[in-house]
Amino acid sequence: MGKAIKTAIKIDFDKKPWEQAGIHNRWHPDIPFAATVKPGEVFHIQCFDWTGGQVANDDSADDIRNLDLNGCHFLSGPVGVDGAEVCVRTLQLRSLRGWLIITQPGDVLVVEIQDIQPFPDKPWGYTGVLDKEAGPSLLDAYYPEAIKAIWDFEGIFATSRHIPHVKFPGLIHPGILGTMPSAELLSKWNIREKDIHDHHVEIHSPLMVARLPQEKGTYAGNSIDPEKFAKVAKEGARTIPPREHGGNADIKNLSRGSKAYLPVFVKGAGLSVGDLHFSQGDGEISFCGAIEMAGVITLKCSIIKNGVKDFAMNTPMFLPGPVEAHYGPSRYLTFEGISVDENGKQHFLDAHIAFRQACLQLIEYFKQFGYSGEQIYLLLSSAPVQAHIASIVDIPNSCTTIGIPADIFDFDIMPREGKIEPMDMGSCAYTTTK
């Protein structure tokens, strides 16, 4: 008979995230473990959405515009993985010796994602675009104001009243999965990110290139002592980018049945997870751009001793699971972009500009059916679209592609001769000042 699966971290929606144990929003080795599990043990972790519940299921984007980003992301963890497996070897006849396998720096933590589900009483999620001043997105020059779409979950499918005539299955995954950094690695992060931040300040760049440690909004669980909390608030790395430990990689194929191989930098690993997505397009181009949700993730961990050295590992690896929406290769309507910007300026092998051009081409194409640019921007971030780098060496242009499955629409989107009669596609959610 199977054992009941334990819940390593629970959350309470009647309390604020920063009032609860097992929640944090910075990376720092002094954040205490909120729970401990054994290698080979299956366990649940409950997660807030990345904002900690700041976004409502309504028809206004005021909440997206007013997001307090100082506290984001709200992660569940850290979870220690230690002392679980007892190995026994025969050293002499009738002589046995046992020892514990302890997770140490230099090991690899193998995280198997067994399941992810929304909470049964919260079968919905959202996709948003932040105000340009709040944070960058791929097309913020074109869509600088906050917008939102709400998605309803019907089993494995998602539909939206804000983007009609669309339905697709979710490829549920964690946007963030990572281990705690060592003090040395954290210092390296802070130095290099401050360098690029300061450089852009010196040249009066308008770009927001990094969010540095910030005491305001820091939360490190409710069991940390004041002295260590002050250190976390001063030094703790923000959770926005992916780094050597994993972090906010937003890999949509890291779904049910997949395995992540994460480098270990502290004793016990310190695994944290959050930013759950019901679905996401490659690139999550609108930043708040997957179908964000609260939910429960089911994991099982194991340890590969000395794996970092043995695998010559600088960053994580992962093995996709068997679960994915299957659309035939001939059913992806695919758009190309090159390293020539919208003003006709040539750039050298710039994949970022090439990808932006591919997205803009797709958006313009779908406007003929009656959708707004904002609706398709939200859709590209949330639907199972596929993006690829087609070429990265053919000077002077990189070439990227973005493909959208024709079968997520309930009407024919294929190119054809003759004028298309636009349909009434409603509207995404705008702010009340729009």
Side-chain angles (χ1 to χ4, degrees), residues 5-11 20-48 50 73-85 100-116 173-182 185-186 219-221 223-224 232 236-237 239 242-251 254-256 258-276 295-305 307-308 313 315-319 321:
I5 299 175
K6 83 171 187 181
T7 299
I9 295 179
K10 297 180 180 181
I11 62 175
Q20 303 186 41
I23 303 296
H24 67 95
N25 58 15
R26 300 293 191 267
W27 296 111
H28 196 285
D30 286 342
I31 298 175
F33 292 171
T36 302
V37 298
K38 302 175 182 179
E41 180 180 14
V42 179
F43 58 98
H44 298 309
I45 293 180
Q46 297 181 355
C47 301
F48 287 100
W50 76 286
H73 302 77
F74 288 100
L75 305 181
S76 295
V79 174
V81 184
D82 255 346
E85 295 179 345
L100 295 176
I101 295 182
I102 306 296
T103 316
Q104 299 283 1
D107 295 343
V108 168
L109 184 69
V110 184
V111 183
E112 180 181 332
I113 299 176
Q114 297 202 338
D115 197 14
I116 315 174
H173 61 278
I176 297 179
L177 187 71
T179 54
M180 277 295 162
S182 63
L185 182 60
L186 176 63
Y219 185 63
S223 62
I224 188 169
V232 172
T239 58
R243 299 183 179 96
E244 291 90 335
H245 69 141
N248 193 21
D250 290 319
I251 299 171
L254 195 60
S255 186
R256 290 169 292 177
S258 62
K259 291 182 179 180
Y261 298 82
L262 304 177
V264 173
F265 300 98
V266 301
K267 182 179 178 181
L271 176 69
S272 292
V273 62
D275 189 26
L276 301 186
V296 183
I297 185 167
T298 305
L299 304 173
K300 182 172 73 172
C301 296
S302 58
I303 304 163
I304 299 177
K305 301 299 294 180
V308 170
M313 196 175 194
T315 51
M317 303 182 293
F318 78 99
L319 185 68

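The analysis underlying the following values was restricted to heavy atoms, covering all of them including side chains, and did not include hydrogens, waters or symmetry mates.
Thr298 contributes no side-chain N or O that, together with a main-chain N or O of Gln114, makes up a donor-acceptor pair within less than 3.5 Å. Listed for the Asn248 side chain is no donor-acceptor partner under 3.5 Å among the backbone atoms of Ile176. A donor-acceptor pair under 3.5 Å is absent between the side-chain atoms of His245 and the main chain of Gly178, judged by distance alone.
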Show me the donor-acceptor pairs within less than 3.5 Å that the side chains of residues 260-270 make with the rest of the protein, sequence neighbours left out.
none

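Taking every heavy atom of both residues into account, Met180 and Ser272 meet most closely at CE-OG, 4.1 Å. Looking at every heavy atom in both residues, Ala34 comes nearest to Gly77 through CB-O, 3.9 Å. Scanning both residues, Ser182 and Pro29, for their nearest heavy atoms gives C-CG, 4.0 Å. Taking each heavy atom of Ile251 and His173 in turn, the nearest pair found is O-CD2, 3.6 Å. The heavy-atom pair separating Asn25 from His73 by the smallest distance is CB-O, 3.1 Å. In plain terms, the two heavy atoms of Leu276 and Cys47 that are nearest each other are CD1-CB, 3.9 Å.
Phe74 has its side chain out of reach of Gln20: every pair of non-hydrogen atoms, C-beta onward, lies at least 4.5 Å apart. Taking the side chain as every heavy atom from C-beta outward, Pro78 and Leu271 never approach each other to under 4.5 Å.
Gln46 meets the side-chain contact (heavy atoms from CB on, under 4.5 Å) test with Thr7, Lys10, Ile11, Phe119, Val296; sequence neighbours excluded. Listed by chain and number, the residues in a salt bridge (Lys or Arg N to Asp or Glu O under 4.0 Å) with Arg256 amount to none (sequence neighbours excluded). By the salt bridge (Lys or Arg N to Asp or Glu O under 4.0 Å) test, Asp30 is found to be paired with Lys231, residues two or more places apart in sequence or in another chain being considered. Residues passing the side-chain contact (heavy atoms from CB on, under 4.5 Å) test with Pro32 are Ser223, Ile224, sequence neighbours excluded. In terms of the salt bridge (Lys or Arg N to Asp or Glu O under 4.0 Å) criterion, Asp275 has no residue partners (sequence neighbours excluded).
Here CD1 of Ile297 is found 7.0 Å from CD1 of Ile45. Values are rounded to the nearest 0.5 Å. Rounded to the nearest 0.5 Å, atoms CD (Glu112) and OG (Ser258) are 8.5 Å apart. Put simply, CG on Leu299 and CG on Leu177 are 7.0 Å apart, with the number rounded to the nearest 0.5 Å. The distance from the CZ atom of Phe318 to the CD1 atom of Ile113 is 10.0 Å, given to the nearest 0.5 Å. In this structure, the separation between OG1 on Thr179 and CG on Asp107 is 11.0 Å, given to the nearest 0.5 Å.
Of the listed residues (Val108, Val110, Leu109), just one forms a side chain to side chain contact (heavy atoms under 4.5 Å, CB included) with Ser302, and that residue is Val110.
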- Task: Evaluate the criterion side chain to side chain contact (heavy atoms under 4.5 Å, CB included) for residue pair Trp50 and Thr239; output intermediate values, then yes/no.
- Result: CA-CA 10 Å; Trp50 76 286; Thr239 58; over 6 Å; no
- Task: List the steps and the verdict of side chain to side chain contact (heavy atoms under 4.5 Å, CB included) for Lys6 and Val37.
- Result: CA-CA 10 Å; Lys6 83 171 187 181; Val37 298; 3.8 Å; yes
